[in-house]
Asks: 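Here's a structure for you.
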Amino acid sequence: MIDILIIEDDEVTNFISKTKLNSLGFQNISIVTNGQLGINYLKENDCPDLILLDINMPILDGWEFLEAKNDMGLCPDIPIVITTSSGRPEDRSKATVFKEIITYLEKPVDFDDLRSLLQKLVEKKLEC
């Protein structure tokens, strides 16, 4: 079982992502709508196996979430997929600074790419 945390402020995107992930067989999905709620989630729950992280959000954006998560030592080895509508080259470049970011996907997310990545995570988890 793979536990996925989605940190995304857009409710429509959350609905589509959860529905599509469910159809791919992933049922353990938690959703929070900003980076601060993401920090709270990590403090109060077991670490997920994967985080899907938006960049542009209110209260605490994706970059601020990453910095706070790392400063607090929360879930240091959890892979993160950036899912964003930002096509800005500086955001792509900034993503390379964080070792936990395994890929950068622009919205709308190609769920075939995401499914392949999730399958690799499932296989890795089964090896452990």
Side-chain angles (χ1 to χ4, degrees):
M1 243 335 134
I2 294 288
D3 295 320
I4 300 171
L5 173 62
I6 298 173
I7 306 175
E8 164 68 62
D9 64 317
D10 184 75
E11 295 296 336
V12 172
T13 298
N14 287 335
F15 176 79
I16 292 168
S17 295
K18 185 170 183 176
T19 302
K20 187 63 175 173
L21 289 167
N22 286 162
S23 75
L24 294 173
F26 299 96
Q27 303 303 315
N28 293 353
I29 301 167
S30 300
I31 298 173
V32 296
T33 54
N34 65 61
Q36 183 58 57
L37 294 173
I39 292 295
N40 296 348
Y41 179 93
L42 296 181
K43 286 180 178 177
E44 298 165 4
N45 298 278
D46 290 336
C47 292
D49 297 299
L50 178 71
I51 297 173
L52 302 179
L53 178 65
D54 186 24
I55 294 175
N56 299 311
M57 294 178 290
I59 304 174
L60 205 65
D61 69 21
W63 303 127
E64 294 165 331
F65 164 81
L66 285 165
E67 289 170 10
K69 179 188 89 58
N70 290 342
D71 288 347
M72 294 178 201
L74 298 171
C75 303
D77 299 321
I78 301 308
I80 296 175
V81 173
I82 297 294
T83 56
T84 184
S85 55
S86 174
R88 297 174 36 192
E90 52 270 26
D91 283 336
R92 276 192 179 275
S93 178
K94 190 170 186 176
T96 64
V97 172
F98 295 92
K99 66 175 179 51
E100 61 267 54
I101 296 175
I102 58 172
T103 194
Y104 185 104
L105 301 175
E106 287 186 34
K107 295 177 194 169
V109 170
D110 182 332
F111 282 95
D112 287 333
D113 290 344
L114 190 56
R115 181 186 55 199
S116 296
L117 186 132
L118 289 167
Q119 190 57 43
K120 289 176 187 172
L121 285 175
V122 167
E123 290 168 5
K124 185 176 179 182
K125 189 169 183 176
L126 289 175
E127 289 174 2
C128 294

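Note: hydrogens, waters and symmetry copies are ignored here, and every other heavy atom, side chains too, is used. Bear in mind the structure is a predicted one, so any value in this text is a computation, not a measurement.
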Asks: Is L21 close to I6 at the side-chain level, that is, under 4.5 Å between some pair of heavy atoms?
Replies: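 A side-chain contact under 4.5 Å exists here.
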
Asks: Say whether L24 and L5 are linked into one hydrophobic cluster, either directly or through other cluster members, by side-chain heavy-atom distances under 4.5 angstrom.
Replies: no

Asks: For a side chain to side chain contact (heavy atoms under 4.5 Å, CB included) check, start with the C-alpha distance between D110 and L105, then their side-chain angles and the critical distance, and finish with the verdict.
Replies: CA-CA 8 Å; D110 182 332; L105 301 175; over 6 Å; no

Asks: Give the cluster check for F98 versus L52: same hydrophobic cluster or not, with ILVMFWY residues linked at side-chain heavy-atom distances below 4.5 Å.
Replies: no

Asks: Give a yes or no answer on whether the side chain of E64 reaches the backbone of D61 with a donor-acceptor pair at less than 3.5 Å.
Replies: yes

Asks: Using the salt bridge (charged side-chain N to carboxylate O under 4.0 Å, His left out) criterion, which residues pair with E44? Sequence neighbours excluded.
Replies: none

Asks: Could you give the distance from CG (N40) to CG (N45), rounded to the nearest 0.5 Å?
Replies: 10.0 Å

Asks: Under 4.5 Å between side-chain heavy atoms, hopping through other hydrophobics if needed: is there a path connecting V81 to I29?
Replies: yes

Asks: Does some side-chain heavy atom of I7 sit less than 4.5 Å from a side-chain heavy atom of Y41?
Replies: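 They are not in contact (no side-chain heavy atoms under 4.5 Å apart), so the answer is no.
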
Asks: Backbone N or O of R92 within a donor-acceptor pair of the T96 side chain at under 3.5 Å?
Replies: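 No; judged by distance alone, with no hydrogens or angles, the pair does not exist.
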
Asks: Answer whether the closest heavy-atom distance between the side chains of L37 and I59 falls below 4.5 Å.
Replies: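 No, their side chains stay 4.5 Å or more apart.
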
Asks: Does some side-chain heavy atom of I78 sit less than 4.5 Å from a side-chain heavy atom of K69?
Replies: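 No, their side chains stay 4.5 Å or more apart.
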
Asks: Got I39 and L60 here, is their nearest side-chain heavy-atom distance under 4.5 Å?
Replies: yes

Asks: Around atom NZ of K120, are there more than 12 heavy atoms from other residues, nucleotides or ligands closer than 6.0 Å?
Replies: no

Asks: Going by heavy atoms in the side chains, are F65 and L42 under 4.5 Å from each other?
Replies: yes

Asks: Hey, does the side chain of Q27 reach the backbone of N22 with a donor-acceptor pair shorter than 3.5 angstrom?
Replies: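 Yes, Q27 side chain to N22 backbone: donor-acceptor pair under 3.5 Å.
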
Asks: Quick check for you: to the nearest 0.5 Å, what is the distance between I101 atom CD1 and I82 atom CD1?
Replies: 4.0 Å

Asks: Keeping the roles fixed (side chain from S23, backbone from K20), state whether a donor-acceptor pair exists under 3.5 Å.
Replies: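 It does hold such a pair.
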
Asks: Below 4.5 Å, heavy atoms only, C-beta onward: do D9 and N34 meet side chain to side chain?
Replies: no

Asks: Answer yes or no: is there a donor N or O on one side and an acceptor on the other, between the side chain of T19 and the main chain of I16, under 3.5 Å?
Replies: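 Between the backbone of I16 and the side chain of T19 there is no qualifying donor-acceptor contact (under 3.5 Å).
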
Asks: Donor-acceptor pair, N56 side chain versus S85 backbone, under 3.5 Å?
Replies: no

Asks: Under the salt bridge (Lys or Arg N to Asp or Glu O under 4.0 Å) rule, what do E8 and K18 come out as? Steps first, then yes or no, please.
Replies: CA-CA 11 Å; E8 164 68 62; K18 185 170 183 176; over 6 Å; no

Asks: Nearest heavy-atom pair of Y104 and D91: which atoms, and what distance?
Replies: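 Smallest interatomic distance, heavy atoms only, reads OH-CB, 3.3 Å.
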
Asks: V12 and L53: same hydrophobic cluster, using ILVMFWY side-chain contacts below 4.5 Å?
Replies: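 No, no single cluster joins them.
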
Asks: Enter the distance from L114:CG to T83:OG1 here, rounded to the nearest 0.5 Å.
Replies: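 Here the rounded value is 8.5 Å.
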
Asks: Rounded at 0.5 Å granularity, tell me how far OG in S17 sits from CD1 in I31.
Replies: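 Answer rounded to 0.5 Å: 7.5 Å.
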
Asks: Side chains of D3 and N28: any donor to acceptor distance under 3.5 Å?
Replies: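 Checked: N28/D3 side chains pair up, N/O donor to acceptor below 3.5 Å.
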
Asks: Any chance you could measure L50, atom CG, to I102, atom CD1, to the nearest 0.5 Å?
Replies: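 Spacing of CG (L50) from CD1 (I102) equals 6.0 Å.
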
Asks: Among the clusters formed by ILVMFWY side chains lying less than 4.5 Å apart, do I4 and V109 turn up in the same one?
Replies: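 As far as the 4.5 Å side-chain criterion goes, V109 and I4 are connected within one cluster.
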
Asks: Please report the interatomic distance CZ(F15) to CG(D10), rounded to the nearest 0.5 Å.
Replies: 12.5 Å

Asks: How about M57 and T33: do any of their side-chain heavy atoms sit closer than 4.5 Å?
Replies: no

